[in-house]
Amino acid sequence: MFPQNEHIELHRKRHGQRLDHQERKRKKESREAHERSHKARKMIGLKAKLYHKQRHSEKIQMKKTLKMHEQRKTKQKNDDKTPEGAVPAYLLDREGQSRAKILSNMIKQKRKEKAGKWEVPLPKVRAQGETEVLKVIRTGKRQKKAWKRMVTKVCFVGDNFTRKPPKYERFIRPMGLRFKKAHVTHPELKATFCLPILGVKKNPSSPLYTTLGVITKGTVVEVNVSELGLVTQGGKVIWGKYAQVTNNPENDGCINAVLLV
Amino acid sequence: MALYNFKKIMVVPTSKEFIDITLSKTQRKTPTVVHKHYQIHRIRHFYMRKVKFTQQNYHDRLSQILTDFPKLDDIHPFYADLMNVLYDKDHYKLALGQINIAKNLIDNVSKDYVRLMKYGDSLYRCKQLKRAALGRMCTIMKRQKQSLEYLEQVRQHLSRLPTIDPNTRTLLLCGYPNVGKSSFINKVTRADVEVQPYAFTTKSLFVGHMDYKYLRWQVVDTPGILDHPLEERNTIEMQAITALAHLRSAVLYVMDVSEQCGQTLEQQLELFNNIRPLFANKPLLIVANKCDVKKISELTEEDQKIFADLTAEGISVIETSTLTEEGVMTVKTEACDKLLAHRVDGKMKGKKVHDVLNRLHLAVPAKRDEKARPPFIPEGARIALDVIHVGYVERDLEVEMGDDYILDLQKYWDLMNQDEKYDVIPEIWEGHNIADYIDPDIMKKEEELKVKAGEYETDEESEDEEMQEIRQLAKQIREKRKLKIVCSKDKDVHGPRLPRTVKKVERKTLEKEMGDLGLDMTGKDDSHYAVNARRSRSVGVAKKRKREASVIPTSRTRSQSASRPPRDQSGVRDPKMAKQAKKLMKNQQKDMNRQGKKGEADRHVFDLKPKHLFSGKRKSGTNDHR
């Protein structure tokens, strides 16, 4: 009936292989180089681009391994034997310095907050004009009135948001473009978390956008970081932090931000 | 309940292949051209189509994987348990669960991005959204790498599992490793299980089929079981335990009497007692194997006692040797009989049997009087029966002689002279076929046979003159016809045969032929054909002609036409040149003939717009021939 379990291996064990098996195998393997080069020369189109890219990375790997094999033959000096943070003997007693540094840091932060100047990853962003961000919506019996505007970028509205009566609302923020979560990266931990947004702090293009909640590249957003479990010096749990948006959310469909520490 | 076919599960691709296939399919099967100046709804539709197409493809393939692989709750518990043993139920379910989650995630991604794309107001934005969507879907698939690899391995192993029907008649072999289970199944069925001297040669279940009493029986060979508690058993032994637990079969517990397997009889008995609970409700048989090395009677007292105890409990012990085949058939018949009885009993106790019993009725004729009438077997039949049962047949001779045996049918010939049995008879001798000369009076005998068979005799005297004349004439006609055929064959005409009407028939030949046939051809000068013959020679004289001035005397026309050479001979010096000219002419015509043209001026094109040149995408290539 049907062959059972390891019938292929059993057959090979009992009957061996073809008389010319080794010969054929050897010839096939030696032909591979020719076939590969033929394929690489004759391929065209998108397939060829992908193939060449993959082949290029393969070749780089091969070269690296070859180099590694060569390197093993020579011995090298290990220069960094001294671990980081190693202090010479005459400095061992100094401890109080670190505490002072933290205190002065806190004072500096408070001063910065008062001034309203922050160090952000993206200091300069392209300003978005009104025609880009707001689209004119025509209303009225003859579609002549043009006082309504629709936001074309991603925006954030709070939890307790209710629309104004449609007759009176000037700015329309469509539901499809309302986002609640952002992918926030911690710059030191190098880990990304999906955190809920608490509000839009500042949009660099215009204060109007800040009040509307429009999120574009460079906007500073406040996010709920209770997931990270950060704690202040005094023992209080930090649950809100600022983050700056680093991508164009309307093009990517998601908000990527970097946490400001 | 879906019907699963383990051998027809679709191949599960690796994650990289999966992504490549789907993306390249999207690129090939959806429109590829879009421009900035198109209307925005057209651009949006173009990109939305791509996102939805990719999602559809992923969804379809993942759904197919999910439906192809069997759900452990839907299949027979034997197979469910076997798969648990082999593939770990939890891992299997998890892998399929991951695939299901991936499918749902991909659907969600597609939905989100299609919704976002409705607000795309430029080609760039829509394109970026499509790129993000496809990228997300492919990332989800990349994460499924491990699950897909595991499922592919499961699929390959599943397709090679033996097809064991859990409901039919089955004999199950179990025992220590190396006791002779695989040799037994090799002897009884056509299964070719590997037999080797090391333990655990059989690493999984094997099935073989055999016939007994016109029914099909399954024989299942299991890997050997060692004696330790259930928790410590490894995968190979667990397969045997699963088979024992789930298959309703007759169990043949194989023991090694000669202790060549490495276990003493006491240890084998221990194992037997340990797995005794698995034999509940199953007809049991003990096979004492390897009896050619050591018989039970040669054993020590204690060992013999073991077997005596087992027999006392009601379990039959049969000595066998798979090497000399002694006792194998007894085991087979006894096990099959026991199982059949057991199954019939089970069916009788059930409810369905009444449906069948209600329809069966054994009619016995009522007794007429007290006289006994037993069945009558004539003497001749009885003797024949005896011969069939007892006689020494050719097969026995073959078995006896072994390799030297030659089939010699001539010894059964019944000749008058018995010495001539082995004489060599040639087929052809002195140019004659011997088959023709079997009997010297063979021709006469043939005649007699024909007469006996009743062949109609030709009654020649009763024919009258008319019939005889007709026969004479017919004979003449036949002869003349043959003569004519021979004559025409001799003529050896090269080229096409012209019909008779083309050639001119001379008056002389006509009159001669007709004269031969018996017609009177004298005095036929003013007959129609003679007058016409004279007339054709002088055309201009008999008729009046209008254009007398331009009339050319026929004789000269004919002579001039005779003097003007035909066109294919004018200007040709010698036959060599003529031949060359003819060759050139034929060459010119070759091309026209091949294309089926009527002549030089035929420029008709049969297929003005062949489909293969006007369809398809504009890949690399020109318009001349694509």
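Every heavy atom of this structure was used, including side-chain atoms; hydrogens, water molecules and symmetry mates were not. A note on names: the letters A, B, ... follow the listed sequences, proteins ahead of strands, and every chain is numbered from 1.
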Counting only non-hydrogen atoms closer than 4.5 Å, does A:L50 touch chain B with its backbone (N, CA, C, O), its side chain (CB onward), both, or neither?
neither
Listed by number, the residues in residues 42-51 of chain B that come under 4.5 Å of chain A (heavy atom to heavy atom) are none
Whether the side chain of A:N5 engages the backbone of B:P162 through a donor-acceptor N/O pair (distance < 3.5 Å, no angle test) should be reported.
no
Using a 6.0 Å cut-off, check whether atom CD of A:E58 has over 12 heavy atoms from anything other than its own residue.
yes
Ignoring hydrogens, what is the shortest heavy-atom contact between B:D192 and A:L10? Give both atom names and the distance.
O-CD2, 4.0 Å
Heavy-atom check, side chain of A:K13 versus side chain of B:Q196, under 4.5 Å
yes
Does any non-hydrogen side-chain atom of A:P174 lie less than 4.5 Å from one of B:K118?
no
Could you tell me whether A:H15 atom NE2 has more than 12 heavy atoms of other residues or ligands within 6.0 Å of it?
yes
Run the side-chain contact (heavy atoms from CB on, under 4.5 Å) check on A:Q4 and B:S204 step by step: do they pass?
CA-CA 10 Å; A:Q4 299 178 55; B:S204 49; over 6 Å; no
Are B:R131 and A:D252 within salt-bridge range, i.e. N to O under 4.0 Å?
no
Can you tell me how far CE of A:M175 sits from CZ of B:R115, rounded to the nearest 0.5 angstrom?
8.5 Å
I'd like to know which of A:L46, A:T152, A:V154 tops the heavy-atom pair count under 4.5 Å against chain B.
A:T152
B:F206 portion near chain A, given a 4.5 angstrom heavy-atom threshold
both
Give the minimum heavy-atom separation between B:R160 and A:I8, together with the two atoms involved.
NH2-CD1, 4.5 Å
Under 6.0 Å from the CZ atom of A:F161, do we count more than 12 heavy atoms belonging to anything else shown?
yes
Identify which part of B:V193 has an atom lying under 4.5 Å from any heavy atom of chain A, answering side chain, backbone, both or neither.
backbone
Contacting moiety of B:K7, where chain A heavy atoms sit under 4.5 Å
side chain
Shortest non-hydrogen contact from A:M150 toward B:Y119
CE-CD2, 4.3 Å
Just wondering, more than 12 heavy atoms not from A:R41 lying within 6.0 Å of its CZ?
yes
A quick test of your reading: do over 12 heavy atoms of other residues, nucleotides or ligands sit less than 6.0 Å from CE of B:M10?
no
Structural part of A:K47 lying under 4.5 Å from a heavy atom of chain B:
neither
Quick one: does A:R14's side chain get under 4.5 Å of B:E194's, heavy atoms only?
yes
List the residues meeting ring pair (Phe, Tyr, Trp, His ring centres under 6.0 Å) with B:F78, not counting sequence neighbours, and say none if there are none.
none
Checked B:D20, B:D112, B:V207 vs chain A; the most non-hydrogen pairs under 4.5 Å come from B:V207
Take atom NZ of B:K187 as the centre, draw a 6.0 Å sphere, and report whether it contains more than 12 heavy atoms from other residues, nucleotides or ligands.
yes
Report, as yes or no, whether the 6.0 Å neighbourhood of atom CZ on B:R28 holds more than 12 heavy atoms from other residues, nucleotides or ligands.
yes
Quick check: closest heavy atoms across B:R125 and A:N251, and the distance to 0.1 Å?
CG-OD1, 3.1 Å
Within a reach of under 6.0 Å around NZ of A:K148, are more than 12 heavy atoms found that belong to other residues, nucleotides or ligands?
yes
Is it the side chain or the backbone of B:L116 that comes within 4.5 Å of chain A heavy atoms, both, or neither?
side chain
